[in-house]
Amino acid sequence: GGSRVYCNMLDWTEDFDNAVWEKAGGTNVVPDDVQGPLPWVRPADRLIMNGAGAEIFQAVTPYFVGNETFTATIWLRAAAPAVITLSIEAADTPDDKTEVDLNITTEWQRFDLMHMMDPNEPSTEVIFRLKTDAGIPGNIYAWGAQLVRNDEAQPYAQSVDNGEDCSYPGKWAYHFFIVTEVELTENEEMIIRL
């Protein structure tokens, strides 16, 4: 069992070529181009964002937005060090957002960002956005995007259906802990996590 339940509100979280991810500024996606982060051992996509103003984003429609806290996470790595901007924002109120510049290295890193919506924000779409003003000349790789209604990052939950706000199976995940009486090897830990 689990002490908490949470939900990844994004769809097609490992498939950035899917149409649910809107692309602008010349952004292209090469699917399943490289091995993703451990311990999942699933393929990750290559994002080509070398044009000025390149971006990729997804909008979700929670049942309520005002005064709610959302946390976005994503795994990224780059062929060469690069900077990209991650933001969470309200679709109807461009100023109601938080954004941060992420320093991507050649190693997989999980980045996270938290944003509390304005108290008077009506029910509106919440946007998860990656963008670059100047363009990124080299390749970047992305995997496992997540947006949760919480004030901290949660363990990754894959979401591949098109249900709204966690109404369908596959969008929910239980957060629980496993305690062992002996120290585990890396392989044993990986088996339990999988």
Side-chain angles (χ1 to χ4, degrees), residues 8-38 40 42-62 65 68-118 121 124-154 156 158-159:
N8 186 356
M9 291 184 286
L10 298 175
D11 291 318
W12 301 103
T13 58
E14 299 171 19
D15 299 298
F16 295 91
D17 57 318
N18 191 281
V20 72
W21 287 100
E22 297 186 50
K23 302 149 188 90
T27 297
N28 287 306
V29 177
V30 178
D32 299 343
D33 192 59
V34 70
Q35 179 179 303
L38 296 174
W40 294 274
R42 293 202 292 260
D45 293 348
R46 174 165 36 122
L47 305 182
I48 302 169
M49 304 178 73
N50 47 27
E55 62 180 344
I56 183 168
F57 62 94
Q58 185 178 149
V60 299
T61 309
V65 170
E68 290 288 323
T69 302
F70 296 87
T71 297
T73 61
I74 188 169
W75 272 269
L76 296 168
R77 81 172 180 86
V83 176
I84 196 167
T85 302
L86 171 64
S87 66
I88 305 172
E89 54 198 79
D92 295 339
T93 313
D95 291 339
D96 187 1
K97 73 174 178 181
T98 298
E99 65 180 19
V100 64
D101 289 338
L102 309 177
N103 293 303
I104 310 169
T105 70
T106 57
E107 301 293 327
W108 282 112
Q109 298 175 80
R110 190 185 193 200
F111 295 94
D112 64 87
L113 173 68
M114 191 256 311
H115 174 69
M116 178 179 282
M117 293 290 176
D118 290 343
E121 187 66 69
T124 185
E125 291 183 315
V126 177
I127 298 174
F128 175 111
R129 186 188 312 271
L130 286 172
K131 67 177 182 178
T132 170
D133 291 333
I136 298 172
N139 295 320
I140 61 173
Y141 304 93
W143 188 85
Q146 180 162 290
L147 183 67
V148 295
R149 188 192 301 272
N150 206 297
D151 61 0
E152 62 182 1
Q154 301 297 312
Y156 173 60
Q158 183 182 29
S159 176

Results of side chain to side chain contact (heavy atoms under 4.5 Å, CB included) for Ala59 - residues two or more places apart only:
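Testing Ala59 for side chain to side chain contact (heavy atoms under 4.5 Å, CB included), a comparison that skips the adjacent residues, returns Glu125, Ile127.
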Set of residues satisfying side chain to side chain contact (heavy atoms under 4.5 Å, CB included) with respect to Thr132, sequence neighbours excluded:
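Expected list: Met49, Ala54, Ile136.
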Working to the nearest 0.5 angstrom, can you tell me the gap between [X] [atom1] and [Y] [atom2]?
X: Asn28; Y: Ile56; atom1: CG; atom2: CD1; value: 9.5 Å
X: Asp11; Y: Ser159; atom1: CG; atom2: OG; value: 4.5 Å
X: Arg149; Y: Thr69; atom1: CZ; atom2: OG1; value: 10.0 Å

Side-chain donor-acceptor distances from residues 76-88 under 3.5 Å, at least two apart:
unit_1, atom_1, unit_2, atom_2, d
Thr85, OG1, Asp101, OD1, 2.6
Ser87, OG, Glu89, OE1, 2.8

Listed partners of Gln58 passing side chain to side chain donor-acceptor pair (under 3.5 Å), at least two apart:
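Gln58 satisfies side chain to side chain donor-acceptor pair (under 3.5 Å) with no residue once adjacent residues are dropped.
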Going by the rule side chain to side chain donor-acceptor pair (under 3.5 Å), which residues pair with Gln109 if we only count those two or more places apart in sequence or in a different chain?
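With sequence neighbours excluded, Gln109 shows a side chain to side chain donor-acceptor pair (under 3.5 Å) to Thr105, given in chain and number order.
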For [range], which residue pairs pass the ring-ring contact (aromatic ring centres under 6.0 Å, His included) check, not counting sequence neighbours?
range: residues 79-100; value: none
range: residues 69-101; value: Trp40-Trp75, Trp75-Trp143, Trp75-Tyr156
range: residues 76-96; value: none

Using ring pair (Phe, Tyr, Trp, His ring centres under 6.0 Å) as the criterion, list what pairs up with Phe16, not counting sequence neighbours.
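Partners of Phe16 by the ring pair (Phe, Tyr, Trp, His ring centres under 6.0 Å) criterion, ordered by chain and then number, come out as Trp21.
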Not counting sequence neighbours, which residues clear ring pair (Phe, Tyr, Trp, His ring centres under 6.0 Å) with Trp108? List them please.
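In terms of ring pair (Phe, Tyr, Trp, His ring centres under 6.0 Å), with neighbours along the sequence ignored, Trp108 is linked to no residue.
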Kindly state each residue pair satisfying salt bridge (charged side-chain N to carboxylate O under 4.0 Å, His left out) with at least one member in residues 42-54, sequence neighbours excluded.
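Pairs touching residues 42-54 that pass the test: Glu14-Arg42, Asp33-Arg46.
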Is there a side-chain contact between Thr13 and Gln146 (heavy atoms, below 4.5 Å)?
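No, their side chains stay 4.5 Å or more apart.
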Counting C-beta onward and ignoring hydrogens, is there a side-chain heavy-atom pair between Ile48 and Val29 closer than 4.5 Å?
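Not touching, per the 4.5 Å side-chain cut-off.
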How far apart are the C-alpha atoms of Arg129 and Glu55, what are their side-chain angles, what is the distance that settles it, and do they pass the salt bridge (Lys or Arg N to Asp or Glu O under 4.0 Å) test?
CA-CA 7 Å; Arg129 186 188 312 271; Glu55 62 180 344; 2.8 Å; yes
Non-hydrogen atoms of [X] and [Y] that approach each other most closely:
X: Asn150; Y: Thr71; value: O-OG1, 2.7 Å
X: Ala142; Y: Ala44; value: O-CB, 3.5 Å
X: Asn50; Y: Pro137; value: CB-CA, 4.3 Å
X: Thr98; Y: Met114; value: CG2-O, 3.7 Å

Of the options Val100, Thr73, Leu102, which is the one that meets Phe111 in a side chain to side chain contact (heavy atoms under 4.5 Å, CB included)?
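When Val100, Thr73, Leu102 are each tested with Phe111, the side chain to side chain contact (heavy atoms under 4.5 Å, CB included) holds only for Leu102.
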Side-chain donor-acceptor pairs under 3.5 Å in residues 90-97, sequence neighbours left out?
unit_1, atom_1, unit_2, atom_2, d
Asp92, OD2, Thr124, OG1, 2.8
Thr93, OG1, Glu121, OE1, 3.1
Thr93, OG1, Glu121, OE2, 3.1
Asp96, OD1, His115, NE2, 2.8
Asp96, OD1, Asp118, N, 3.4
Asp96, OD2, Asp118, N, 3.1
Lys97, NZ, Glu99, OE1, 3.4

Mark yes or no for whether Asn8, through its side chain, and Leu147, through its backbone, hold a donor-acceptor pair below 3.5 Å.
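Yes: the side chain of Asn8 pairs with the backbone of Leu147.
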